[in-house]
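What's counted below: heavy atoms across the whole structure, side chains too, no hydrogens, waters or symmetry copies. Nothing fancy with the numbering, it's 1 onward along the sequence. Indexing begins at 1, ligand by ligand and atom by atom, following the structure's order.
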Amino acid sequence: MSELTREQKFEIYRLLRLNRTLEEKLVNLYRQGKVVGGLYRSLGQEATSVGTAYALSPGDVLGPLIRNLGSVLVMGFSPRDVLAQHMARASSPSGGKDCNLHFGAPERGVISSISMLGALVPVMAGIALGARLQKKNVVAMTYIGDGGTSTGAFHEGLNFAAVQKLPLVVVAENNGWAYSTPFKKQTAARCLADRAAAYGIPGETVDGNDVLAVYEAAKRAVARARAGDGPTLLEAKTYRMKGHAEHDGQAYVPSEELAEWAARDPLEAYSRVLAAEGLATADDLGAIDAVISERVEADASAVEQSPFPAPESALEGVYARKVADAEPAVARRRS
Ligand SMILES: Cc1ncc(C[n+]2csc(CCOP(=O)(O)OP(=O)(O)O)c2C)c(N)n1
Ligand SMILES: [Mg+2]
């Protein structure tokens with residue numbers, strides 16, 4: 001059973017709620033035309049993000065995907081960082097210069113997401129290998145969607161990590177859909193965890209809407225990685241409660257399926273757990289929710305008032321310093 005302290009259990013609740021409230025605010029801003037880029041929801045998948053990232057220790061490295069807002073909040077990004085990034089402000093993690101979804105901070109253990117599906121798996125395998133060569137105690141964790149598991153990059157990365165026994169945890173978020181392609185048209189496999197056998201690594205399926213179960217499973221996978229036992233493919237069974245992005249009305253999704261998963265909402269489920277354990281009443285949680293809403297509103301107003309990057313800074317941070325400072329090749333040849 002879970003060894004989480006009372007305080008940690010509340011922290012997990014706050015992270016789940018912050019994930020949802022912040023995203024609702026982003027929807028609001030998106031509809032006002034204030035978000036620069038698309039908006040990809042994680043509604044219904046918050047427990048998968050929060051529960052997995054919460055199993056990491058300081059010094060570990062995480063490579064999130066578009067639906068892992070909860071994971072980057074666990075890693076220490078603030079609502080202000082996320083809001084500024086989505087509104088392309090100068091104070092954002094990318095200085096307002098990259099796509100709203102592409103932000104990270106290696107010093108905080110977060111590698112920027114990559115849009116090409118599957119590409120993060122070999123990148124994170126490389127990070128795990130690099131850390132091992134430097135004799136650093138680092139576990140790398142990344143995510144892949146059900147659709148993303150059909151790419152060559154996913155296969156190459158996971159195979160390499162397995163052969164090298166790298167400290168990598170790959171969380172396969174099986175949310176039932178890859179844009180409009182349902183799971184049964186994605187793979188003939190029974191489930192994504194079954195694919196692990198092909199790489200000779202452990203695979204496990206967990207209820208992705210049960211945050212404590214997700215945390216426990218991720219903790220086991222992280223422990224295996226840290227002990228030198230190699231990667232794990234952890235499948236989190238969850239559901240994409242919204243369309244692929246805000247522009248997609250998901251008319252192709254059967255309404256009964258949505259209703260079935262709505263009844264398994266991860267926040268409501270976790271609220272019931274906290275109540276059953278006698279830790280929090282609905283009123284207690286309501287008070288936490290109110291504080292989070294207030295904070296998100298205040299942060300959004302502050303970010304809206306903050307400046308975009310200065311035009312004259314457009315070339316700063318675009319290339320690595322060494323490249324940007326190098327003399328042009330022609331000049332070098334002449335000397
Ligand atoms: C290699 C590659 N192929 C296609 C796309 C276009 N694309 C972006 S997201 C997406 C669906 C992803 O589905 P899934 O992996 O299940 O993740 P989810 O959106 O459900 O989180 C597709 C096809 C892409 N970004 N990269
Ligand atoms: Mg999917």
Nearest non-hydrogen protein atom, [atom]:
atom: atom 15 (O) of ligand 1; answer: Gly148 N, 2.8 Å
atom: atom 25 (N) of ligand 1; answer: Ser115 O, 2.9 Å
atom: atom 17 (O) of ligand 1; answer: Gly145 CA, 3.8 Å

Taking the six-membered ring of Phe308 (Phe, Tyr or Trp), confirm whether the NZ or CZ of Arg89 is under 6.0 Å from its centre and within 45° of its axis.
->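 Yes - Arg89 lies over the ring of Phe308, closer than 6.0 Å to its centre and within 45° of its axis.
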Using distance alone, with no hydrogens and no angle criterion, decide if [X] and [Y] have a side-chain donor and acceptor under 3.5 Å apart.
X: Thr238; Y: Glu173; result: no
X: Thr232; Y: Arg220; result: no
X: Trp177; Y: Tyr252; result: no
X: Gln45; Y: Asn175; result: yes
X: Tyr143; Y: Thr52; result: yes

Ring geometry between His155 and Tyr199 (parallel below 30°, tilted from 30 to 60°, perpendicular above 60°) |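 Taking His155 first and then Tyr199, their aromatic rings sit tilted (interplane angle of 30° to 60°).
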Give the ring-plane orientation class for His247 versus Tyr179, where under 30° counts as parallel, over 60° as perpendicular and anything between as tilted.
->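 Taking Tyr179 first and then His247, their aromatic rings sit tilted (interplane angle of 30° to 60°).
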About how many Å separate CD1 of Ile288 and CG of Asp283, when rounded to the nearest 0.5 Å?
->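 Result: 11.5 Å between the selected atoms.
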Does any N/O atom on [X] come nearer than 3.5 Å to any N/O atom on ligand 1?
X: Arg67; answer: yes
X: Gly147; answer: yes
X: Arg240; answer: no
X: Ile66; answer: no

If you measure from each non-hydrogen atom of [X] to ligand 1, which part falls under 4.0 Å: side chain, backbone, both or neither?
X: His244; value: side chain
X: Ala178; value: both
X: Trp177; value: backbone
X: Asp146; value: both

Atom of Asp146 closest to the Mg ion (ligand 2), considering N, O or S atoms =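 This residue's closest N, O or S atom turns out to be OD1.
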Show your reasoning for whether salt bridge (charged side-chain N to carboxylate O under 4.0 Å, His left out) applies to Glu246 and Arg31.
-> CA-CA 9 Å; Glu246 279 299 286; Arg31 291 186 182 161; 3.2 Å; yes
Heavy-atom distance to atom 1 (C) of ligand 1: which of Leu117, Thr181, Leu65 wins?
->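 Nearest option to atom 1 (C) of ligand 1, by heavy atoms: Leu117.
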Under-4.0 Å heavy-atom contact between protein and atom 6 (C) of ligand 1 =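 No, there is none.
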Any atoms of ligand 1 less than 4.0 Å from a non-hydrogen atom of [X]? List them with their elements.
X: Met116; value: 26 (N)
X: Asn175; value: 18 (P), 20 (O), 21 (O)
X: Tyr179; value: 11 (C)

Steps toward side chain to side chain contact (heavy atoms under 4.5 Å, CB included) verdict (Leu234, Val170) | CA-CA 6 Å; Leu234 176 61; Val170 176; over 6 Å; no
Between the Mg ion (ligand 2) and [X], is there an N, O or S atom separated by less than 2.8 Å?
X: Glu173; answer: no
X: Trp177; answer: yes
X: Asn174; answer: no

Taking the six-membered ring for Trp and the full ring for Phe, Tyr or His, determine whether the centres of His86 and Tyr30 are under 6.0 Å apart.
->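 No, the ring centres sit 6.0 Å or more apart.
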